[in-house]
Amino acid sequence: MFSKDVYVNRRSALKSKIDKGILLFLGNSDASVNYPGNQYRFRQDSNFNYFFGLTDPDLAAIIDLESGEEIIFGNDVDIDDIIWMGPQPLISEKAQKVGVTKTYPLAHLDEFVGKAASQGRKVHFLPPYRYHNMIQLHRLLGIPFDQMKSSASVEFIKGVVSLRLIKEECEVAEIEKACNIGYKMHYTAMKTMKLGMVEQELVGIMEGISISEGLMPSFPIILSQNGETLHNHSHHQILTEGRLLVIDAGAETNTNYTSDFTRTLPSSGKFTQQQKEIYSIVSAANNLAVDMARPGITYSSVHQAASRVMAQGLADLGLLKGDVDEIVAAGAHSLFMPHGLGHNMGMDVHDMEDLGENYVGYDDTYKRSTQFGLGSLRMGKMLEKGHVVTVEPGIYFIPALIEQWKREGTNAQFINFGALEQYYTFGGIRLEDDILITDNGSRLLGDKRLPITVEDVEREMEN
Ligand code: GLY
């Protein structure tokens with residue numbers, strides 16, 4: 001938890017952005033795995049944590065925009081809870097720590113929300129993503145389940161996004177901690193992996209580091225020799241000579257700040273010539289994007305510049321043909337990178353995706369493209385000081401997609417389909433770092449950058 005002032009100031013800034021009504025914050029509740037008492041690791045809602053700083057289940061809060069009143073709702077533990085969970089501070093004591101002086105039992109939430117609604121006051125809420133909170137909203141406000149996302153308050157969403165997107169110093173410090181844990185997860189995997197190991201062993205080692213130093217991984221670890229599947233969560237394969245292992249993983253701190261790194265490693269410790277050629281193109285695109293990112297440039301233009309580097313590299317290898325600007329304008333390079341260059345990162349690894357990607361990564365001036373590939377870019381708008389974004393270019397050879405484009409003649413004038421056949425078992429390469437946008441540029445987050453050049457990776461894996 002940060003100091004009280006941090007939360008007081010955030011709530012005060014939010015109040016100044018929205019005129020009337022009440023703001024309703026629903027914290028998360030425990031979710032059961034296979035019977036009520038066996039629960040997933042608890043994770044607080046990021047918006048609740050951002051404004052109210054408490055990371056226990058079954059809390060809610062209200063900000064009354066007219067009276068300025070702030071209330072936290074939650075139940076104090078009873079003797080049964082104390083027997084099973086040990087003594088806990090009172091809700092009022094916890095609330096004091098984040099500058100809230102009014103608290104009530106959770107059952108009183110209905111009365112407050114009901115009263116505001118019956119007076120015709122607007123009850124602003126954020127789009128729910130957990131069924132428990134959807135049921136709560138249905139009960140409190142009678143909103144049909146299929147209208148819950150569309151009934152969420154756009155003013156509230158925009159207010160929250162405008163604050164959470166620009167990271168405060170205390171947040172950057174937490175993200176750096178998450179990056180340092182993420183570094184250790186990746187570096188340990190790089191040093192430990194050996195031919196003959198099962199991928200799952202590395203997942204367990206990495207997950208163990210994240211739990212021993214923070215809350216958990218920031219998302220289920222992606223680790224596979226079939227890296228052409230962008231988010232591959234199958235970890236059953238044995239590390240085999242000549243293959244590439246994509247590892248995309250990060251950590252989450254106990255305060256819910258995240259990291260997200262990807263490295264692609266040769267299974268034996270040495271890249272083949274073909275792997276080196278593709279790898280060098282992806283690392284050049286990564287470096288260019290880190291160098292280019294600065295306030296006053298859109299992330300969409302950084303994506304396009306990185307795409308040009310990759311298109312040029314693939315053309316030099318004879319896999320693409322024609323003018324590089326025309327290739328990128330047509331989106332032909334997206335056959336090899338069907339995703340965006342990166343996304344905002346903070347308390348969520350895809351920061352505020354629950355609030356709607358287009359509110360977070362786009363605005364009234366910068367609209368999302370509908371083109372294949374570029375349309376998957378989660379962050380396209382103007383970069384500003386304090387943004388934290390991932391930089392994650394990749395080149396993948398996805399046989400089913402190549403075959404589809406070949407069959408349908410998609411961008412056929414730019415693609416050398418014949419030459420691609422020797423890459424059908426290549427897999428994929430993605431290289432991802434996390435950056436903070438500074439006054440006039442960007443800087444890599446974390447104390448040390450994970451090895452990224454061919455030479456550094458091979459040297460680290462040898463020793
Ligand atoms: N690194 C995982 C993702 O961006 O979805």
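Atoms within each ligand, like the ligands themselves, are counted from 1 in listed order.
Among the atoms of R378, none of the N or O lies under 3.5 angstrom from an N or O of ligand 1. The shortest N or O to N or O distance between D260 and ligand 1 is under 3.5 Å.
The shortest heavy-atom contact between L223 and L202 is CD1-CB, 3.8 Å.
Proximity of a side-chain donor or acceptor of H124 to a complementary backbone N or O of F156 within less than 3.5 Å is not detected.
Atom 3 (C) of ligand 1 has its closest protein heavy atom at H350 NE2, 3.1 Å.
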From CA spacing to verdict: side chain to side chain contact (heavy atoms under 4.5 Å, CB included), V172, L436: CA-CA 8 Å; V172 173; L436 170 70; 4.0 Å; yes
Salt bridge (charged side-chain N to carboxylate O under 4.0 Å, His left out) assessment of R10 paired with E168: CA-CA 10 Å; R10 288 173 179 177; E168 300 160 69; 2.8 Å; yes
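For ligand 1, the atoms lying closer than 4.0 Å to a non-hydrogen atom of D248 are 1 (N), 2 (C). When each atom of ligand 1 is checked for a heavy atom of E432 under 4.0 Å away, the hits are 1 (N). Atoms of ligand 1 lying under 4.0 Å from any heavy atom of E392, numbered from 1 in the order shown and given with element: 4 (O). Listed by number with element, the atoms of ligand 1 under 4.0 Å from a non-hydrogen atom of H231 are 2 (C), 3 (C), 5 (O).
Among residue pairs with one or both ends in residues 211-222, those qualifying as salt bridge (charged side-chain N to carboxylate O under 4.0 Å, His left out) are K184-E213; sequence neighbours excluded.
W405 pairs in a ring-ring contact (aromatic ring centres under 6.0 Å, His included) with only one of the listed residues (F417, F372, F414), which is F372.
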